[in-house]
Every structure is written in structure tokens, then in C-alpha cells.
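This report concerns only the one structure given below.
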2 protein chains.
Amino acid sequence: MTDQSQACADACLVVSDVLARVGSKWSIMVVATLGRRPHRFNELKREIEGISQRMLTLTVRGLERDGLIVRTVTPTIPPRVDYALTDLGRSLLEPVSALGDWAIANRAAVERARQTFDADLGQS
Amino acid sequence: MTDQSQACADACLVVSDVLARVGSKWSIMVVATLGRRPHRFNELKREIEGISQRMLTLTVRGLERDGLIVRTVTPTIPPRVDYALTDLGRSLLEPVSALGDWAIANRAAVERARQTFDADLGQS
DNA sequence: CTGCATCCGCTACGATACTG
DNA sequence: CAGTATCGTAGCGGATGCAG
């Protein structure tokens with residue numbers, strides 16, 4: 001392995017680590033939803049259509065563990081739990097938005113590439 | 001679902017789609033490696049330590065399908081296959097680098113948050 | 001050298017039911 | 001309301017062997 005690839009491997013491990021969390025199916029939706037305003041557990045569940053209660057729990061746990069969101073418990077009856085972005089979470093929103101802009105700007109190109117690829121596959 | 005969350009869901013689906021590809025364990029490494037210069041199949045395999053042949057094949061197929069990399073076959077004996085970024089792939093490198101910078105800049109904060117979280121878990 | 005096919009374990013995920 | 005627990009399944013990903 002070259003020095004250059006070693007340096008890349010080092011950086012890539014960190015980046016992969018972040019991407020493993022941010023890139024997981026639901027994390028980005030939770031972060032984006034909380035980016036608008038804080039939400040309660042079931043508010044998140046309702047707004048993020050299709051997510052199961054289990055996955056929402058696991059997702060917010062992971063995000064909280066990484067310090068991207070905070071979980072505020074109000075021990076009333078019924079209990080109330082609010083989730084909100086931390087400063088760290090908000091700072092993540094910026095590069096993620098950049099990636100989001102890329103995705104939206106190039107969605108057509110990607111879609112075309114896929115159709116071409118799949119079509120050529122049929123000819124082989 | 002509100003109009004706002006509907007608009008988010010729409011955008012998030014696209015973003016998730018991109019992240020599902022880019023965020024997969026090996027894709028970013030392949031893109032980053034090809035970002036430096038084109039590589040042959042086994043060059044990639046050697047530089048990206050830990051990747052299995054199967055996953056490298058699947059990863060480059062996926063990236064090729066999405067139009068992010070090109071696969072050039074030279075039918076000699078032994079056969080030679082080169083992979084390189086497309087313009088689309090290079091344009092992706094920019095927002096991904098931004099995310100990479102964030103990851104590197106905040107790796108310590110995330111690591112600290114995790115340790116704190118895990119420590120508090122033991123107390124509960 | 002570059003891949004594809006097969007087998008197989010593992011874990012992520014969804015559905016459901018139960019608790020404080 | 002906000003979870004936890006359990007179970008079943010499906011797909012990811014590694015190891016190996018074969019082919020062009």
C-alpha cells in the first residue's frame with residue numbers, strides 16, 4: 001500500500017464511519033425533520049412516513065449517541081420526550097444539504113444512466 | 001402529513017437514494033481512489049484493503065450503473081479493465097469532500113459524545 | 001487478470017405484543 | 001406516550017471454486 005493510499009484509507013475510515021450513520025436509511029430524514037424544529041417521538045413517527053417504531057427508536061439512539069441530537073425527557077403523565085438537533089447536528093446539516101443539492105441537481109442524470117445501463121444489459 | 005414534510009419527504013427520497021449508494025461501505029473508497037487516477041480492477045482491490053473481490057465487483061457495477069464511473073475493457077490476453085470517474089462522478093467528489101471535511105473536523109467531538117453516552121449508559 | 005456462481009452465516013429490519 | 005422484547009425473514013457480505 002502506498003503512502004497516499006494509506007492516508008486515504010485513514011481519512012476514508014473516518015468518512016465511512018460518518019456515512020455509515022448519516023447514510024443509513026432513516027437518519028437523514030430524522031436530522032432533516034429536526035432541522036426544521038424540535039419534535040416529539042410520535043411527531044417524528046408521523047412525519048417520517050414508513051418508519052417503524054423500532055427503527056425510529058434505534059435511529060434516534062444512534063444519533064443521540066453521536067451527539068447529533070439531544071433527548072429531553074419530561075416525566076409527566078403521559079411522559080413527554082422531545083428531540084432536537086445539537087450544534088454539532090446543525091453543523092452537519094450544511095454538508096448534508098450540499099450533498100442533497102447534488103442529488104436533486106443530478107437525479108435526472110443518474111436516472112438516465114441507470115436506464116441506459118439496464119437497457120444495454122438486456123442486449124448482452 | 002404537512003406540505004412542508006411532504007416536500008421534505010420528496011427531497012429526502014432522492015437524497016436517501018444517493019446516500020444509499022454513496023454511503024455504502026465501499027463506494028466512497030472506490031470513488032475517492034478513482035478520484036486520484038484511473039485504476040485497474042486489481043489495483044483497486046489492492047489499495048482498498050479489506051474489500052473482497054465480490055464486493056468490489058458489486059460496488060463498481062453499482063457505480064457504473066449510476067453513471068459515476070466508466071468501465072473500459074481492453075480485450076487482450078490477459079484481459080485488462082480500467083475504471084475511471086466520469087464527469088458526474090467528479091462532480092460528486094466535491095460535496096462528498098465537504099462531508100469528509102466535516103467528518104475529520106468533528107471526529108473528536110463524535111468520539112467524545114459516544115464515550116460520554118456509553119459511560120452514562122452504565123449508570124442507568 | 002477479471003470476473004461470475006454458489007453456499008452460507010450474520011445482522012438489519014419489520015411486525016407484533018407487552019410495559020411504565 | 002414512549003418505549004422494550006421477541007420472533008421471523010430477507011438481503012448483505014465473505015469464502016471458495018470455476019470460466020473466458
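Protein chains get the first letters and strands the later ones, always in sequence-line order, with residue 1 at the start of each.
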Subject >> B/Arg40/B/Glu47 ion pair, N-O < 4.0 Å >> reply: no
Original post:
Which value, rounded to the nearest 0.5 Å, describes the distance between B/Asp17 atom CG and A/Glu111 atom CD?
Top reply: 8.0 Å
Original post:
Rounded to the nearest 0.5 Å, what separation is found between the CG atom of A/Asp120 and the CZ atom of B/Arg65?
Top reply: 12.5 Å
Subject >> Minimum heavy-atom distance between A/Leu99 and B/Leu19, given as atom pair plus value >> reply: CD2-CD1, 3.0 Å
Original post:
Using a heavy-atom distance cut-off of less than 4.0 Å, which residues of residues 66-79 of chain A contact DNA chain D?
Top reply: A/Arg71, A/Pro78, A/Pro79
Original post:
Could you give the start and end, 5' to 3', of the contact zone on DNA chain C for chain B, using atoms under 4.0 Å from its heavy atoms?
Top reply: C/dC1 to C/dT6
**OP:** Write down the atom of B/Lys45, the atom of B/Ile51, and the distance for their closest heavy-atom approach.
**Re:** O-CG2, 4.2 Å
Subject >> Distance in angstrom units between B/Gln53 CD and D/dA19 P, rounded >> reply: 15 Å
Subject >> Least distance between heavy atoms, B/Leu56 atom then B/Phe41 atom >> reply: CD2-O, 3.6 Å
Original post:
If you measure from CD1 on A/Ile28 to OG1 on A/Thr59, what distance do you get to the nearest 0.5 Å?
Top reply: 12.5 Å
**OP:** State which residues pass salt bridge (Lys or Arg N to Asp or Glu O under 4.0 Å) with A/Arg107; sequence neighbours excluded, sorted by chain then number.
**Re:** none
**OP:** Starting from C1' on D/dC1, measure out to CZ on A/Arg46 and report it in whole angstrom.
**Re:** 10 Å
Subject >> pair A/Tyr83-A/Pro38: side-chain heavy atoms closer than 4.5 Å >> reply: no
Subject >> Terminal helix-axis angle for the helix from C/dC1-D/dG20 to C/dG20-D/dC1, with five pairs defining each axis and rounding to 10 degrees >> reply: 40°
Original post:
A/Leu58 versus A/Trp26: any side-chain heavy-atom pair under 4.5 Å?
Top reply: no
Return the polar atom pairs (N/O with N/O) between nucleotides 10-15 of chain D and the protein under 3.5 Å, or none.
{"from": "D/dG13", "atom 1": "N7", "to": "B/Arg54", "atom 2": "NE", "distance (Å)": "3.3"}
{"from": "D/dG13", "atom 1": "N7", "to": "B/Arg54", "atom 2": "NH2", "distance (Å)": "3.0"}
{"from": "D/dG14", "atom 1": "OP2", "to": "B/Ser52", "atom 2": "OG", "distance (Å)": "3.0"}

Subject >> For atom OH of A/Tyr83 and atom P of D/dA2, their distance in whole Å >> reply: 8 Å
Subject >> Listed once per pair and sorted, the salt bridge (charged side-chain N to carboxylate O under 4.0 Å, His left out) pairs that draw on residues 66-75 of chain B, sequence neighbours left out >> reply: A/Arg114-B/Asp66, B/Arg21-B/Asp66
Original post:
B/Glu49 versus B/Met29: any side-chain heavy-atom pair under 4.5 Å?
Top reply: no
Original post:
Do the side chain of A/Thr76 and the main chain of A/Pro78 share a donor and acceptor less than 3.5 angstrom apart?
Top reply: yes
